[in-house]
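Notes for the one structure printed next.
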Amino acid sequence: METQGLTSMTDEAQLRWMALGDTTRQPAVILLHGGPGLPDYLGDVAPMIADLAPVYRYDQRGTGQSPWQGHHSFARHVDDLAELLDAWGVPKAVLIGHSYGTNLASRFCLTHPDRVAAMLLMCGPFVGDWRTGDRAERGRRMSAAQQEQLRALEELPHRTEEQEVALLTLAWFTDHADPERGWHWAAQGARRRRPVNWAMNSELGKEGRADPLDEHLAELRACLPARAELLGGADDPRPVSALEALALRLDLPLTRVEDAGHEPWLEQPHTMRAHLRRFVQGTVGS
């Protein structure tokens with residue numbers, strides 16, 4: 001049964017969290033969702049492993065049911081995770097990050113390596129010039145009309161609800177290997193993963209460009225836990241070659257999930273369930 005709660009941070013922000021499984025067991029798994037600026041969307045992933053270890057999720061500040069107004073920084077988000085671990089009574093955690101969540105997991109590991117029992121980075125972090133390949137592949141997956149519609153929606157100073165849904169659907173459907181199912185998942189996500197905190201997205205994006213993770217890879221490699229892995233969808237528009245280069249720099253194994261894009265648990269749930277269970281069992285049993 002899933003439990004939920006609100007935890008107050010030192011700056012009085014309140015973060016909503018969810019837990020599945022026996023929370024008396026250690027170590028716990030923490031799922032870190034992406035965005036930045038989206039609420040948690042990893043509810044389909046948690047049940048895949050909750051019988052092996054307790055699984056915690058949370059809405060990052062300013063998203064979902066963690067309402068908050070203020071400046072966003074990587075340091076504040078790292079502090080949030082540390083404070084949540086304290087509140088949950090989790091001295092060391094298995095971090096499983098997705099997309100932006102891999103960046104958060106990596107920066108947490110840099111700051112609190114003693115609190116990371118293991119780390120699985122799914123579909124990120126992307127370093128180097130990965131955006132050129134990403135833009136080109138997304139353009140290839142979209143029609144000229146879709147590209148023009150997306151540009152027009154992005155340029156609107158204010159968008160209605162339906163315009164926001166249309167923008168997000170167009171922006172997200174190319175994340176998937178299968179365009180038809182991808183459109184369905186994107187349209188569904190465009191209504192559920194809301195509202196998007198665009199200010200948070202912009203602020204953390206700027207900080208990421210000013211202080212890229214690329215410049216911390218040697219330090220990250222030195223403080224990684226003994227069990228750390230990368231995973232990516234072979235058909236993610238973000239080039240898997242960027243993850244391959246990162247795997248070499250961090251000396252980590254990389255699993256490519258075939259016929260899957262940026263959210264591989266949607267397109268290849270059985271493969272992902274088996275991989276996640278292998279990873280968690282290897283950590284819990286060690």
Side-chain angles (χ1 to χ4, degrees), residues 33-38 41-42 44-45 97-106 120-155 164-190 193 196 198 201-202 204-206 208-209 212-214 217 229-250 252-269 271-272 275:
H33 68 81
L38 300 178
Y41 51 78
L42 297 173
D44 291 338
V45 177
H98 174 252
S99 198
Y100 160 70
T102 65
N103 197 310
L104 176 56
S106 298
L120 175 62
L121 305 175
M122 302 193 300
C123 308
F126 288 90
V127 298
D129 181 24
W130 60 272
R131 290 182 176 82
T132 300
D134 179 54
R135 282 192 295 267
E137 181 58 23
R138 288 182 189 279
R140 191 187 68 78
R141 298 182 186 190
M142 299 176 76
S143 68
Q146 287 172 331
Q147 293 181 53
E148 178 55 36
Q149 184 185 7
L150 179 58
R151 277 193 295 269
L153 288 167
E154 288 173 334
E155 290 171 2
E164 184 81 348
V165 168
L167 179 145
L168 294 173
T169 303
L170 285 163
W172 290 345
F173 88 94
T174 52
D175 275 341
H176 306 282
D178 183 326
E180 288 188 14
R181 291 197 299 166
W183 187 270
H184 166 74
W185 286 318
Q188 194 176 65
R193 301 177 185 182
V196 177
W198 291 108
N201 183 277
S202 175
L204 292 179
K206 287 178 181 176
R209 290 187 290 275
L213 190 61
D214 307 47
L217 293 183
E229 297 183 15
L230 292 164
L231 177 148
D235 293 312
D236 193 333
R238 302 155 186 81
V240 73
S241 59
L243 288 183
E244 291 169 346
L246 180 65
L248 287 174
R249 293 183 67 179
L250 294 180
L252 293 181
L254 167 65
T255 298
R256 293 166 53 117
V257 181
E258 299 299 326
D259 300 315
H262 194 58
E263 299 179 24
W265 62 88
L266 293 178
E267 293 185 278
Q268 300 298 333
T271 299
M272 283 299 298
H275 185 85

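Throughout, residue positions are numbered sequentially from 1 according to the sequence presented. Since the structure is predicted, the reported quantities are computational estimates derived from the model, not experimental observations.
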**From CA spacing to verdict: salt bridge (charged side-chain N to carboxylate O under 4.0 Å, His left out), R151, E155** = CA-CA 6 Å; R151 277 193 295 269; E155 290 171 2; 5.9 Å; no

**Item:** Residues W183, H176; criterion ring-ring contact (aromatic ring centres under 6.0 Å, His included); working and verdict
**Value:** CA-CA 8 Å; W183 187 270; H176 306 282; over 10 Å; no

**Message:** Restricting to non-hydrogen atoms, name the atom on C123 and the atom on P264 that form the minimum distance, rounded to 0.1 Å.
**Reply:** SG-CD, 3.7 Å

**Request:** For Q147 and G139, indicate whether the former's side chain and the latter's backbone hold a donor-acceptor pair under 3.5 Å.
**Result:** yes

**Item:** Worked check of ring-ring contact (aromatic ring centres under 6.0 Å, His included) between H184 and F173
**Value:** CA-CA 8 Å; H184 166 74; F173 88 94; over 10 Å; no

**Prompt:** Is there a donor in the side chain of S106 and an acceptor in the side chain of N103, or the other way round, less than 3.5 Å apart?
**Reply:** no

**Item:** Interatomic distance, M122 atom CE to E229 atom CD [nearest 0.5 angstrom]
**Value:** 12.0 Å

**Message:** Looking at P239, is its backbone amide N or carbonyl O close enough to the side chain of E137 to form a donor-acceptor pair, meaning the two atoms are under 3.5 Å apart?
**Reply:** no

**Asked** Between D235 and D178, is a side-chain contact (heavy atoms from CB on, under 4.5 Å) present by the stated rule, with each step listed?
**Response** CA-CA 9 Å; D235 293 312; D178 183 326; over 6 Å; no

**Item:** By side chain to side chain donor-acceptor pair (under 3.5 Å) - contacts of D236 (at least two apart)
**Value:** R238, H262

**Prompt:** V196 versus L38: any side-chain heavy-atom pair under 4.5 Å?
**Reply:** yes

**Prompt:** Do V127 and P212 touch side chain to side chain, with heavy atoms closer than 4.5 Å?
**Reply:** no

**Distance, nearest 0.5 Å, that separates OG1 of T255 from CG of L230** = 8.5 Å

**Message:** A side-chain contact here means heavy atoms from C-beta on lying under 4.5 Å apart; do L121 and L231 qualify?
**Reply:** no

**Prompt:** Does any non-hydrogen side-chain atom of H275 lie less than 4.5 Å from one of L120?
**Reply:** yes

**Asked** Which heavy atom of A260 sits nearest a heavy atom of A177, and at what distance?
**Response** N-CB, 4.0 Å

**E258: partners by side chain to side chain donor-acceptor pair (under 3.5 Å), with sequence neighbours left out** = none

**Asked** Going through the distances and angles, do W172 and Q188 end up as a side chain to side chain donor-acceptor pair (under 3.5 Å)?
**Response** CA-CA 10 Å; W172 290 345; Q188 194 176 65; over 6 Å; no

**Request:** Locate the shortest heavy-atom distance separating D214 from R249; write the atom from each residue and the value.
**Result:** O-NH2, 3.7 Å

**Request:** For the pair Y100 and L204, evaluate side-chain contact (heavy atoms from CB on, under 4.5 Å) and give the outcome as yes or no after the intermediate values.
**Result:** CA-CA 10 Å; Y100 160 70; L204 292 179; 3.5 Å; yes

**Prompt:** When rounded to the nearest 0.5 angstrom, what distance separates CG in L104 from NE2 in H33?
**Reply:** 9.0 Å

**Asked** Taking only residues two or more places apart in sequence or in another chain, which ones pass side chain to side chain donor-acceptor pair (under 3.5 Å) with T102?
**Response** none

**Asked** Does the side chain of L246 come within less than 4.5 Å of P125's, by heavy atoms?
**Response** yes

**Message:** What I want to check is whether the side chains of H98 and Y41 have a donor and an acceptor closer together than 3.5 Å.
**Reply:** yes

**Request:** Report the C-alpha distance between Q268 and V257 in whole Å, list the side-chain angles of each, state the deciding distance to 0.1 Å, and finish with yes or no for side-chain contact (heavy atoms from CB on, under 4.5 Å).
**Result:** CA-CA 8 Å; Q268 300 298 333; V257 181; 3.9 Å; yes

**Item:** SB check R193 E263 (cutoff 4.0 Å)
**Value:** yes

**Prompt:** Between E267 (side chain) and G261 (backbone), is there a donor-acceptor pair under 3.5 Å?
**Reply:** yes

**Message:** Can a donor-acceptor pair be found, under 3.5 Å and without considering hydrogens, that links the side chain of S202 to the backbone of W198?
**Reply:** no

**Request:** Please name the pair of heavy atoms, one in T169 and one in A190, separated by the smallest distance, quoted to 0.1 Å.
**Result:** OG1-CB, 3.5 Å

**Item:** Sub-4.5 Å side-chain heavy-atom contact between D175 and W185
**Value:** no

**Prompt:** Hey, are the side chains of E154 and L167 touching, using non-hydrogen atoms and a 4.5 Å cut-off?
**Reply:** yes

**Fill in**
Nearest heavy-atom approach of L150 to A171 is CD1-N, 4.3 Å

**Asked** Can you name the nearest heavy-atom pair linking L170 to L153, along with the distance?
**Response** CD1-CD1, 4.0 Å

**Request:** Could you check R138 against D134 for side-chain contact (heavy atoms from CB on, under 4.5 Å), going step by step and ending with a plain yes or no?
**Result:** CA-CA 6 Å; R138 288 182 189 279; D134 179 54; 3.1 Å; yes

**Message:** Please check: side-chain N/O of R256 versus main-chain N/O of A234, any donor-acceptor pairing under 3.5 Å?
**Reply:** no

